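Quick notes on the structure that follows.
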Amino acid sequence: MSPAPLPESAIPEDGLDHFAARITAAVAPLINQQASALQLERPRQEEHGEFSLPCFRFAAGTGEKPPALAARLADAIEIADVEASAVGPFLNFRIASTAMAQVVLADAGREDYGSAKEGLTSIVEFSSPNIAKPMHVGHMRTTVIGAALARLFDHLGHKVIRINHLGDWGAQFGKLVAAWRRWGSEESLLTDPIDHLLKLYVRYHEEEEQDPTLGEDAKAAFQELESGEDNETRKTWIRFTQESLKEFQKVYDRFGISFDYLRGESWYEDKLEGLLAWLDSCGVTEESDGATIVDLTSEDIKTPCLVKTAHGTTLYATRDLAAARSRWDEFSFDQSLYVVGAEQTLHFQQFFAVLRRCGADWASRLEHVPFGLIRLAEGKLSTRAGRVISLKEVLDRAVELALAAVEEKNPELANKEEVAEIIGVGATMFHDLKHQRQKDVVFDWKEVLSFEGDTGPYLQYTYARCGSILRKAGKPADRDNFDSSLVAEESRELCIALGRLPQAIREAAQKREPMIVAQALLRIGAAGNVYYRENRVLGLEDPAQENARLVVLETLRNTLSMGLGLLGIRCPEEM
RNA sequence: GCACCCGUAGCUCAGCUGGAUAGAGUAUUGGAUUCCGAAUCCAAAGGUCAGAGGUUCGAAUCCUCUCGGGUGCACCA
């Protein structure tokens, strides 16, 4: 049960899509194809135009050789503002500069540029840090990628539900409460709650080995917690949760991220029995070594899914199953994404397979969106081995460096701290978002803290430059009296880059790959920098020319802020 | 042992469902500011796309194998 295909009308024709639609509509009938089936390609070489259609696969049907077909089509086709030409077996399309500038500069820069009305209900589960532990660089990717995907879906007209599936349940909280009873310090909890809780946890772990009574205490504490009674243990646990959330919220605020639901694993606590009963009624459970499992060999997975331990407690998978079912009942989603590290792929395969075995046809709407892990040069991240970098530390250092850069480059700037925050956080986020999800990344301070080249600050700088010129113009760009022919040739490269953003947005959402938008923005930024370098805007003799260039810069500026906004990155007016 | 992910320039990475001469950034070297912000722009140099087979009119892209790196494999999450 997959989501129904989108109606054609749901796909808007902003930017270059406008011309692509004209091209496919004109070509399709000549080769007996549906317009929607034609995939236009983007030629590598600029001289081959903006779009291209290799004719190899259609030539077979007509009995012609590909170059002959391409040549015949090139002759036969008439498309307004598009010139078709055959180069060997390729049918290439070049868009007339004036028409392109007209269309792109009118579309791009609108808040809804590249938006759609897909109307799907999409759940994005992301971030999901563990209570009482610090957020470290490892949480960066899920948080930033998940938030970006949510924004992309939102832009495409989805009803988006953002869920933070906090790790707030499990036996370790028994330990934590027990540790708190022994050594907890009210003062430390108030000054740095997560640090204090982490230290308690680590100490408990260490002393447990010497003193077995600690293990008993922890077990007892978790049982008190699981009982659901409103006892002292529960109060303590709630307090730890609240204190942790306060800390997490500081990071989310800096990232500009909000959630629709903060639902930790504990939220599904009262649904676990029902879930297990459901699994039983589906006849998929069996006993093995005292534990309750679901065999998945029929689903091609050798490892069974464990849903209940021999001690009778539930597991991660049980809670995820309960959560999925609860969300389906509540939201009837079209798609439900889990932005979680690739190391948990097996877990997701298992839990999806369990649902399939139960005959839940909606299981096909669940999707694990994996990403590669972050490692340090010294090795894998490890809290116990001390190989951690807290997220706060990364952001703070980036902001600190940004501040130094601002002091040096723009000492007159009034709100330096505020601007440095935008730049530093933006650099960190962009760095994470410009790479493919799946690849592992080795955390490298030098790269994360770089502000030159293919970086977030480069795009922010471009935005600020445009703003600076627009301010100095002293008047807004006049779009009612905009003559696109005055800038058509000089802005051609920029318009192409701007014009391709809508497709990048769609593709990024489809592939769950925000990088595609980040790369498109870098091309826009590069073209923009060349543009205002080579085309002076202010003090021109011809006011119509000046106005036309103001329109270009205003469009560039708005598009950058909209595009970076989709990635969750803000732009400073000056920097 | 089995399964999955990754391998493209010195480094970090793009390369779309197979398409035309494999592209950026960075580092290196050289150049650009009487002119809207040099966090910029221009240029040079830099690749046996890990290796070997196969499919195809065409392979960095798909298939198989080998090598190298990473991750996971029932009572943690």
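Heavy atoms only: backbone and side chains are in, while hydrogens, waters and symmetry mates are out. Reminder, nothing fancy here: chain letters follow the sequence lines and each chain counts from 1. Predicted model only: the values in this text are computed from it and were never measured.
Listed candidates were B:A20, B:C75, B:C16. Nearest to the side chain of A:P43 is B:A20. For A:V441, the listed nucleotide lying nearest its side chain is B:C13; candidates were B:A39, B:C13, B:A74. Nearest to the side-chain atoms of A:D454 among the listed nucleotides B:C16, B:A24, B:C41 stands B:A24. In the set B:C42, B:A74, B:G37, the nucleotide with an atom closest to the side chain of A:V530 is B:C42. The side chain of A:F56 lies closest to B:G19 when the candidates are B:C75, B:G19, B:C36.
For A:Y458 and B:A38, the shortest distance from a side-chain N or O to OP1 or OP2 is not below 4.0 Å. Within the 4.0 Å cut-off from OP1 or OP2 of B:A24, not a single side-chain nitrogen or oxygen of A:R523 is found. A close approach under 4.0 Å does occur between a side-chain nitrogen or oxygen of A:R465 and OP1 or OP2 of B:A38. OP1 or OP2 of B:A20 sits under 4.0 Å from a side-chain N or O of A:R44. Side-chain nitrogen and oxygen atoms of A:K472 include at least one within less than 4.0 Å of the OP1 or OP2 phosphate oxygen of B:G37.
Residue contacts for A:I293: at a heavy-atom cut-off of 4.0 Å it reaches a base atom on one of the strands shown. Looking at heavy-atom distances under 4.0 Å, A:A342 makes no contact with the nucleic acid at all. Base contact: A:V537 has a heavy atom under 4.0 Å from a base atom. Heavy atoms of A:K434 sit nowhere under 4.0 angstrom from any nucleic acid atom. Across all strands shown, A:M515 has heavy atoms under 4.0 Å from sugar-phosphate atoms exclusively, and none from any base. Counting any heavy atom pair closer than 4.0 Å across all strands shown, A:N535 reaches a base atom. Nucleic acid contact for A:L522: none, since no nucleic acid atom lies under 4.0 Å from a heavy atom of the residue. Using a 4.0 Å heavy-atom criterion, one finds that A:N92 contacts the bases of the nucleic acid, with or without backbone contacts as well. Within the nucleic acid shown, A:E507 comes within 4.0 Å of sugar-phosphate atoms alone, with no base atom in reach, counting heavy atoms only. Across all strands shown, A:V406 has heavy atoms under 4.0 Å from base atoms, whether or not it also approaches the sugar-phosphate.
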Hey, what are the protein-to-nucleotides 4-11 of chain B N/O distances that come in under 3.5 Å?
| unit_1 | atom_1 | unit_2 | atom_2 | d |
| --- | --- | --- | --- | --- |
| B:G7 | OP1 | A:K439 | NZ | 3.1 |

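Judged by distance alone, with hydrogens and angles left aside, A:S288 brings a side-chain donor or acceptor within reach of the base of B:A74, the pair sitting under 3.5 Å. Interface remark: the A:D300 side chain does not form any donor-acceptor pair with the B:A3 base, using a distance-only criterion of under 3.5 Å.
Within 6.0 Å of the NZ atom in A:K308, the count of heavy atoms belonging to other residues, nucleotides or ligands does not exceed 12. Sparse packing is recorded around CD of A:Q34, with 12 or fewer heavy atoms of other residues, nucleotides or ligands lying under 6.0 Å away.
Rounded to a whole angstrom, the distance from the C1' atom of B:A43 to that of B:A59 is 33 Å. Annotation: B:C35 and B:U12 have their C1' atoms spaced 36 Å apart (nearest Å). Using atom P as the reference point in both B:C6 and B:A22, the two lie 24 Å apart (nearest Å). B:C2 and B:A74 have their C1' atoms separated by 15 Å, given to the nearest Å. Nucleotides B:G47 and B:G54 have their P atoms positioned 28 Å apart, rounded to a whole Å. Comparing the same atom, C1', in B:U8 and in B:G15 gives a spacing of 9 Å after rounding to whole Å. Here the separation of B:C65 from B:G1, taken at their P atoms, is 15 Å to the nearest Å. Straight-line distance between the C1' atoms of B:A32 and B:G37: roughly 16 Å, to the nearest whole Å.
Among residue pairs with one or both ends in residues 408-433 of chain A, those qualifying as ring-ring contact (aromatic ring centres under 6.0 Å, His included) are A:H431-A:H435; sequence neighbours excluded.
When side chains are defined from C-beta on, A:C466 does not count as touching A:E554, because their heavy atoms never get closer than 4.5 Å. Residues A:I423 and A:M575 are in side-chain contact: their nearest non-hydrogen atoms beyond the backbone lie under 4.5 Å apart. Here the side chains of A:R549 and A:L486 are not in contact, with every heavy-atom distance at 4.5 Å or above.
The CG-P distance, from A:L538 to B:C36, rounds to 10 Å in whole Å.
Atom-to-atom distance recorded for A:F371:CZ and A:D440:CG is 11.0 Å, nearest 0.5 angstrom. Atom CD in A:Q172 sits 8.5 Å away from atom NE2 in A:H205 (nearest 0.5 Å). Here the NZ-CG distance, from A:K271 to A:L321, works out to 14.5 Å after rounding to the nearest 0.5 Å.
Annotation: of the two residues near RNA chain B, A:L346 and A:S52, the 5′-most nearest-nucleotide partner is A:S52.
At least one test fails for A:R465 against the ring of A:Y531: distance under 6.0 Å to the centre or angle within 45° of the axis.
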**Report entry** Watson-Crick or G-U pairs under 3.5 Å in RNA chain B, rendered as dot-bracket with [ ] for crossing pairs and | for another strand
**Finding:** (((((((..((((.....[...)))).(((((.......))))).....(((((..]....))))))))))))....
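Remark: the A:N529 side chain and the A:Y458 side chain contain an N/O donor-acceptor pair separated by less than 3.5 Å.
Between A:F126 and A:H139, the distance separating the two ring centers is not shorter than 6.0 angstrom.
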